[in-house]
Protein chains: 2
Amino acid sequence: MSSSKRSKTAPRAGRVKLADVATASGVHYSTVSRVLRPGSKGRISDAVAEHVRAVARELGYQPNSVAASMRTNSTYSIGLIVHDMSDPVYPPILTGIEEVLSPQGFAVLVGNTGYDLAVEMDVVNRMASRLVDGIFLATTRLEDPIVERCQDLDIPLVSVLRQTQSRDTPAVINDCLGGMQALTRQVLAWGHRDIAVILAPQNLSTGRERWRGISDVLSENGMTLPEHRIVHVEHMSVDEGERAARTLLADGAPPEAIICVNDLVAIGAIRACRAAGLNVPRDIGISGYNDIPLVDMIDPPLTTVRMNLKEIGRTAAELMLAHMAPDAPPSRTVRIDAELVLRASLRNLNG
Amino acid sequence: MSSSKRSKTAPRAGRVKLADVATASGVHYSTVSRVLRPGSKGRISDAVAEHVRAVARELGYQPNSVAASMRTNSTYSIGLIVHDMSDPVYPPILTGIEEVLSPQGFAVLVGNTGYDLAVEMDVVNRMASRLVDGIFLATTRLEDPIVERCQDLDIPLVSVLRQTQSRDTPAVINDCLGGMQALTRQVLAWGHRDIAVILAPQNLSTGRERWRGISDVLSENGMTLPEHRIVHVEHMSVDEGERAARTLLADGAPPEAIICVNDLVAIGAIRACRAAGLNVPRDIGISGYNDIPLVDMIDPPLTTVRMNLKEIGRTAAELMLAHMAPDAPPSRTVRIDAELVLRASLRNLNG
DNA sequence: TCTAATTGTGCAAACGTTTGCGCAATGCGG
DNA sequence: CCGCATTGCGCAAACGTTTGCACAATTAGA
């Protein structure tokens, strides 16, 4: 009976439930529910409440939240969909989300897509089956079937890091436009003229905004980039960054600087430059975006743009809370400030 | 009716359930359940099964797994408890776990403890309330109240990265002993004699095993470390590593090498050395443990020991599956091999 | 052709909560 | 002292599945 193994379907041996607490307290189990569930309707006298609480504590009662969910249709769990948790941009976001949502009693379900849209759709459907109260989507494309699916399923959605074209979904993003503008101005101010860029896919708001940040500043200064100074990566990884930089370098004289769409790509670019016999930053400048951990320790320390990821997570969580409420506010996009971080990977050609 | 907002307690508008599929198919809803739930008891004719499946697809039926859990007492969800997802050792483990468990229909709930035992206990209790089918514990201490709590709650537990003193819990760990021995032999072979160590708390199996790996090899060679060459960190972070190294360096002549309990600590140590005007590796050698991403790119590239984290995650998941089954095997500890990775942060004093 | 075994489906209970409703007891104003 | 509002608690339904059991229909064996 008290075997430590339990069969697949048998209830956990001796798990104490509401009814047990009720009989032990000499009240009806609905009364116990009302005592233990703060904010239930019926009012209970202090004496009874205290007694029931004592008995519940005594018996070590742990509410069965699955049963509660069955009744309330709310699981107090939310999904977080990312491409790959190993990408260092995601963990701080998760931390920020948990910081806000854990105290409220929410649990976070993470789903890795592995960059596969079919997997991602599956993840959403499974989260829907589990009746998550909401989903944080960190993979958002400008036109996104996942977003549509969530709308069909009527699941509150908050987009993080990126946003949709239509902007009909609440989102918390980094100010990529401002960040990239500031960075590009610095690159120009330091005398770089022959500039190359490694860009993200343009079906992502980040990819597009960062590119616009660059091109805006360039055209302000009467410059445009020739075709052969622009390359794209499919995913933002070290390997793809390295490959992209190699193709940039294969084509005649190297540029004076490469502006990379993010840090991992920049690190790949540094590798490629080094492999091509170029010294960074003496022969070529490199910049990233994100300021992920350790990029201040690499050789050379990476010039980049810091996005306050934990703050993005926290804000997203607050937006989620607002949007799960019965009187949800209209969708809005919150931009979190970006901060330029100058390090040695980009030098001042004038000085 | 088709409002996109839904109240807290109202069922999602128009969510199709078993009964809907049943009436649309002209069969009883139990029949639908048997068709859709592979491996149910009653056998259904192919004709009916096919028809029901078609109708279900047509109606876009998504099973309500909360209701199923209510009946079966199994949620097909498992918890993963870590101190802080931002520590780069954890994400690959999560990926490995998901790789094995997602195809089986499991979802992963992550819980960050923030290094706080009270929080951790709370996380466990909340996961218990949610009826998780099992818990991966990555925070295991040699004597661990969390492990005891899980045993009391009768929740299958698999320890990852570390193990308990009693070893009565299944665990998947890295071969810290072998890894540290190999590293220490290399340090000695390269002529370092005045060695210092920065150790983890000794109430952790990793902390203790890595220290034993070092001291075993030292005593094999007739050496022992003086007190002032041994310091401890509370948590394995860059900051604590830096502080620990500072105290090491404050005390007379610097050692020839510092063996650090992990990479983050080693990076902190490198910082401290640099701040003290020492060149790594010329004036002092530094080694880490883990081989986290980017430590091959830092200055200087870090000599370390690689643990196959994803493999640890996968193996832990398989152990979990075995232990959730009705006929669970006896607990055992699986060791995953460690691999020495030599880089520039430690040089050969002989040549 | 008759009995026995097998197959396919319906019936209804159970899982542990939450909560609308009803009713007794109490308090209060007149 | 009566009637009415308020307070405190019990009753029972409902949430959407899974599954043991009953039983009708079909098949097989003799």
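Chain naming here is simple, since letters A, B, ... match the order of the sequence lines and numbering starts at 1 in each. Excluded from the calculations below are hydrogen atoms, water molecules and symmetry mates; all remaining heavy atoms, backbone and side chain alike, are included.
Checking the phosphate oxygens (OP1, OP2) of D:dT18, no side-chain nitrogen or oxygen of B:Thr72 falls inside 4.0 Å. Regarding contacts with the backbone of D:dT17, a side-chain N or O of B:Tyr61 is found under 4.0 angstrom from either OP1 or OP2. Side-chain nitrogen and oxygen atoms of A:Ser45 include none within less than 4.0 Å of the OP1 or OP2 phosphate oxygen of D:dG8.
Annotation: of the two residues near DNA chain C, B:Met70 and B:Gly26, the 5′-most nearest-nucleotide partner is B:Gly26. Mapping B:Thr31 and A:Thr31 onto DNA chain D via the closest heavy atom, the residue that lands nearer the 5' end is A:Thr31.
Counting only N and O atoms by type, the side chains of A:His83 and A:Thr139 include no donor and acceptor under 3.5 Å apart. At a cut-off of 3.5 Å, with distance as the only test, a side-chain donor of A:Asp133 or A:Ser74 sits close to an acceptor on the other residue. Counted by atom type alone, B:Ser205 and B:Gln163 present zero donor-acceptor pairs between their side chains at under 3.5 Å. Looking only at atom types and distance, the side chain of A:Asn125 has a donor-acceptor partner in the side chain of A:Arg149 under 3.5 Å away. Under 3.5 Å, the side chains of A:Asp144 and A:Thr164 contain no donor-acceptor pair of N or O atoms.
A salt bridge links A:Glu120 and A:Arg141; the closest N-O separation between the charged side-chain nitrogens and carboxylate oxygens is under 4.0 Å.
Look at CG on A:Asn64: it is 8 Å from C1' on C:dC15, rounded to the nearest Å. Distance CG (B:Asn73) to P (D:dT17): 17 Å, rounded to an integer number of Å. Taking atom CD of residue A:Glu50 and atom P of nucleotide D:dG8, one finds them 15 Å apart after rounding to whole Å. Across the protein-nucleic acid pair, A:His51 atom NE2 and D:dC9 atom P stand 12 Å apart, rounded to whole Å. Whole-Å rounding puts the B:Leu36 CG to D:dT18 C1' distance at 13 Å. In this structure, CG of B:Leu18 is placed 12 Å from P of D:dT19, rounded to the nearest angstrom. For A:Arg37 and C:dG16, the CZ to C1' distance is 11 Å, given to the nearest whole Å. Atom CD1 in A:Ile44 sits roughly 18 Å away from atom P in D:dT6 (whole-Å rounding).
Nearest nucleotide to the B:Ala67 side chain, out of C:dG16, D:dC9, D:dT17: D:dT17.
Here B:Val27 lies in heavy-atom contact (under 4.0 Å) with sugar-phosphate atoms only. B:Val66 comes within 4.0 angstrom of nothing in the nucleic acid, heavy atoms only.
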Polar atom pairs between nucleotides 11-13 of chain C and protein, under 3.5 Å, N or O only, would you list them?
from   : atom 1 : to      : atom 2 : distance (Å)
C:dC11 : N4     : B:Ser30 : OG     : 3.2
C:dC11 : N4     : B:Arg34 : NH2    : 3.4

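For B:Asp152, the CG atom is densely surrounded, since the number of other residues' heavy atoms within 6.0 Å is greater than 12.
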